[in-house]
Amino acid sequence: MRATSVPQPEPAPHPRRRTVLAGAAVAAAAATVLPAAGTASAAPRPGKTQPHRWRTAAIGGTGFVTGVLFHPAVKGLAYARTDIGGAYRWDDRRSRWSALTDHIGWDDWNLLGVEAMAVDPAHPDRLYLALGTYAQAWASPGAVLRSEDRGATWARTDLTVRLGANEDGRGCGERLLVDPRDSETLWLGTRHDGLLRSADRGATWSADASFPATASASGQGVTLLVAAGRTVYAGWGDGGTALYRTAASGGWEAVPGQPSAGASTRVPVRAAYDAGSRALYVSYADGPGPNNQSDGSVHRLDTVTGTWTDVTPVAPGPGDTFGYGGVAVDAARPGTVVVSTNNRWGPVDTLYRSTDGGASWTSLKDTAVLDVSETPYLKWGGEPKFGWWIQALAVDPYDSKHLVYGTGATLFGTRDLVHWAPEIRGLEESAVRQLIAPPSGARLLSGLGDIGVMYHDSLTASPSRGMASNPVFGTATGLALATRKPSYVVRTGWPSGSQSAGAYSRDGGASWQPFASQPAIAPSAPGPVAVSADASVLLWSFIHWDGTKYAAHRSTDNGATWAEVATFPKGGTPVADPLDATRFYVYDTDTGTVFRSTDRGATFTEGATGLPSGDVQFRIAAAPGRSGDLWLSAKDNGLLRSTDGGLTFTPVAGCQASHALGFGKAVPAKGRAGYPAVFQTGRVSATYDGVAVLRSDDAGRTWVRINDDAHRWGWTGEVITGDPRVHGRVYLGTNGRGIQYADPQ
């Protein structure tokens, strides 16, 4: 997901199957049946799981909604897909979305991106998903999920090809389709391996050798599949012929008379068939999007006569460059069609609507009244925008005035073509980078990918203050609280324009002041930040999104001036001691060495050496209310602990893996303060054989699993923390399913 144009690093890939395909490949025939919302990839051990009630903190989307699909035969039934956050089903009775893929586990994190989805018009309960976030060699192959009960339960078939739900072209049309002539037959368009076909409703797949376009190791491959009556059309995004269709004699053929291959018609982005007028509308652009489009067009094909007509609402030109993205037709009103512009950063993207088959158009943005009161962050520190990255677009087949469209951050809808508001309840897609549960004030502070920092005064409503402003950030890179003065909070992140890349707050994050100055490297490589326990010292580390590391800097005047700290390992994550304001720690992941400061971060010296190295995501966490009590999460190297301020570390017995770790309120006890609850995402085989969400109430001697097989959310290795006010409450950051939180049942 990318709501800003600033490039950000993705999580480091995990070890995966690395089957590299040569040309078109045959999909795996092995199919796994998931009897409930999903089965675990490792069997749980009895007696070590505590039931919790898991919920998603409300913000309001926050990510790229890449597809919306109304079922043509069932009123009120719709599905949505996202680039990294799974798929959802619309609950019309409750007016909210229900997540369908939260059961996907740690080892299958690459499957949380949804490349395409399909429904069967003749069998309303059937749903199909094509999953796979990245098509790179380091990512795992994709999979197809198929359901007979609208996504309540799934059967799974693993593929040998890779899909790219979070790559260029992810907002293109659905690449998965049920054949209109036979419900047993499915088609799946891939990016680099041609067209696949299944004759058994997705259980097994094979390459369709009759498809004439040549698969390539780069490019877009098949960009869309759409049924027009009994004919299937396929878009091709790698040059040459752009549109194919099934031939009456069998196999595939180029569509006759299609627009000549030019910049504005290079890539067919989406298509929609108007059964009433028997017309196929196709949107085109000079690239797949969502970024890097500067030209585009819209064309209509009369499928009876074979006549093509250019019906482009407005032609892009100098000073107003863009492509065309979404296209949708009104099933109840022949000749009514809606299209969206995309990547139009000047006048801002819009929807054009026509009621005469594209002969004339009206811009819906021009009369739009936007209401973002339910999701204040969409004001972006100013006025709300109609949208950007608009490629997902749908018209309700049972309500001609109910239109929805996806953006890089949310899903907007209207019921009268004038008033628009997010229709996003239940759909949360943020990639969570930092979490702080303060002892007072805000219920939670969060640092997120693309949309900066949020002050959560409630967990069930979008933060009332919206994005933290003064300044507004893109992705947050650092968030820290002074433990002995918790009203003081500091944040860092990717700046907007010439604004500061850092800010501080004296009221617990409710309001902010930008740093009066910043190191020269800050705007292009903002990294993590720490603040001393008494709020007197700031330590700011710098690392570019490409991994280049720079010297850390220190400030003793709220960011008015900065001095380089030469002895601080470049790119490290500073950690402040919770009690002793003179102490800071940092873990040098390049060498496996802990560095310590006892002079308020002015200088650092070596502590423990010979620790696990080579992964920037190895992290130190400091236990609250204690000085020098450090925990080191070293991923598959396990969990280590130091009680002497980082001079020595001892492995925590029985913990095979630790990916993220945090602390919460201790078990209530009479007359004594117990050790804080320790939360982690990790693997403790005595509890559970896979990576799980775990809690220990006895300083790591024993652990209990607190999530279950229906709540796993793919990759959860970034951040976790407990609540200092409520024992047992946990906040978990996901990479695409927002902030998950839970209380014991």
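Along the sequence shown, residues carry numbers from 1.
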Taking all heavy atoms of [X] and all of [Y], pick out the closest pair and write down the distance.
X	Y	answer
S462	Y377	OG-CD2, 4.2 Å
G572	S541	O-OG, 2.6 Å
D577	R626	OD1-O, 4.1 Å
E718	V432	CG-O, 3.2 Å
Q50	P744	NE2-CB, 3.5 Å
S633	A660	OG-C, 4.1 Å

Do [X] and [Y] come within less than 4.5 Å of each other through their side chains, counting heavy atoms only?
X	Y	result
R443	D723	yes
V565	T567	yes
W106	H659	yes
R491	L479	yes
P422	E374	no
F584	L539	yes
W380	I451	yes
W713	L732	yes

inquiry  = Run Q680 and W631 through side-chain contact (heavy atoms from CB on, under 4.5 Å) and show every step you take.
reply    = CA-CA 11 Å; Q680 69 163 330; W631 296 67; over 6 Å; no

inquiry  = For I620, run the side-chain contact (heavy atoms from CB on, under 4.5 Å) check against L661, T573, V575 and tell me which one passes.
reply    = V575

Donor-acceptor contact present, side-chain [X] to main-chain [Y], <3.5 Å:
X	Y	value
T475	G449	no
S642	T648	yes
S430	T62	no
N470	W512	yes
R725	P438	yes
W388	T407	no
T492	G478	yes
Y455	G508	no
S517	G559	yes
S505	S511	yes

Rounded to the nearest 0.5 Å, how far does [atom2] of [Y] lie from [atom1] of [X]?
X	Y	atom1	atom2	answer
T561	H553	OG1	NE2	11.0 Å
I720	T734	CD1	OG1	11.5 Å
R695	T687	CZ	OG1	11.5 Å
H544	I521	NE2	CD1	7.5 Å
I84	W715	CD1	CH2	10.5 Å
R712	L112	CZ	CG	11.5 Å

Is any NZ, NE, NH1 or NH2 atom of the basic residue among [X] and [Y] found under 4.0 Å from an Asp or Glu carboxylate oxygen of the other?
X	Y	value
D588	K570	no
E428	R55	no
R729	D743	yes
R596	D644	no

key: Check against side-chain contact (heavy atoms from CB on, under 4.5 Å), Q513 and R506   = CA-CA 9 Å; Q513 290 293 322; R506 296 187 184 278; over 6 Å; no

message = For W97 and Y88, take the angle between the two ring planes, folded into 0 to 90°, and tell me which bin it lands in: parallel under 30, tilted 30 to 60, perpendicular over 60.
response =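 Because their plane-to-plane angle is over 60°, the rings of W97 and Y88 count as perpendicular.
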
Does a side chain donor of either [X] or [Y] reach within less than 3.5 Å of an acceptor in the other side chain?
X	Y	result
S627	D580	no
Y688	N707	no
E606	T593	no

message = Out of the candidates F568, Y587, F595, only one should pair with F604 under the ring-ring contact (aromatic ring centres under 6.0 Å, His included) rule; please name it.
response =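 Of the listed residues F568, Y587, F595, the ring-ring contact (aromatic ring centres under 6.0 Å, His included) partner of F604 is F568.
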
task = Check the pair N735 / W109 against side-chain contact (heavy atoms from CB on, under 4.5 Å), numbers first and verdict last.
result = CA-CA 9 Å; N735 189 53; W109 68 270; 5.7 Å; no

query = Going through the distances and angles, do H52 and H711 end up as a side-chain contact (heavy atoms from CB on, under 4.5 Å)?
reply = CA-CA 10 Å; H52 277 59; H711 300 92; over 6 Å; no

query = If you draw a 6.0 Å radius around CZ in R425, do more than 12 non-hydrogen atoms from other residues or ligands fall strictly inside?
reply = no

query = In this structure, are over 12 heavy atoms from other groups packed under 6.0 Å from Q745 atom CD?
reply = yes

inquiry  = Can you tell me which residue among D698, D697, D629 is in a side-chain hydrogen bond (donor to acceptor under 3.5 Å, both in side chains) with Y675?
reply    = D629

